[in-house]
Amino acid sequence: MRLNPLPLILALGLSGCGVGTLVDVATAPVRVAGKAVDMATTSQSEADEKRGRKLRKLEERYGKLDRDYRKEDKRCLKGNDKACEKRDAIGQEMDELRAQIPAQPPR
């Protein structure tokens with residue numbers, strides 16, 4: 001005859017450690033797996049924040065290039081050939097950045 005271990009396990013579980021501990025032990029793997037999934041996935045708000053940071057960096061870079069472009073343009077107009085070359089290189093980089101920055105909706 002074979003004994004069923006379930007009543008013995010329940011008796012031990014209820015005697016000293018309580019049902020709460022058994023539930024905690026039983027649900028621990030599920031909680032750990034859920035936490036791992038949360039850490040591995042990116043929420044929509046996190047993705048939005050990341051995109052916003054990227055756009056701000058692009059806009060900051062574009063603003064710096066614009067200031068440099070204007071400075072080199074003034075020098076170029078005074079006859080400085082090196083400044084004209086720098087201005088043209090800056091203009092190319094600005095064109096590349098402009099393609100990455102989405103158009104702002106009209107206000």
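None of these values were measured; they are calculated from a predicted model.
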Checklist entry - If we ignore angles and hydrogens, is there a donor and acceptor under 3.5 Å between the side chains of Gln92 and Asp88? => result no

Could you pull out every donor-acceptor pair under 3.5 Å between side chains of residues 79-87 and any protein atom, sequence neighbours left out?
from, atom 1, to, atom 2, distance (Å)
Asn80, OD1, Lys82, N, 3.0
Asn80, OD1, Ala83, N, 3.2
Arg87, NH1, Asp73, OD1, 2.9

Checklist entry - Applying salt bridge (Lys or Arg N to Asp or Glu O under 4.0 Å), which residue pairs with at least one partner in residues 49-59 are found, sequence neighbours left out? => result none

Distance-only criterion, 3.5 Å: show the donor-acceptor pairs between side-chain atoms of residues 95-103 and protein atoms not counting sequence neighbours.
from, atom 1, to, atom 2, distance (Å)
Asp95, OD1, Arg98, NH1, 2.7
Arg98, NE, Tyr62, OH, 3.1
Arg98, NH2, Tyr62, OH, 2.8

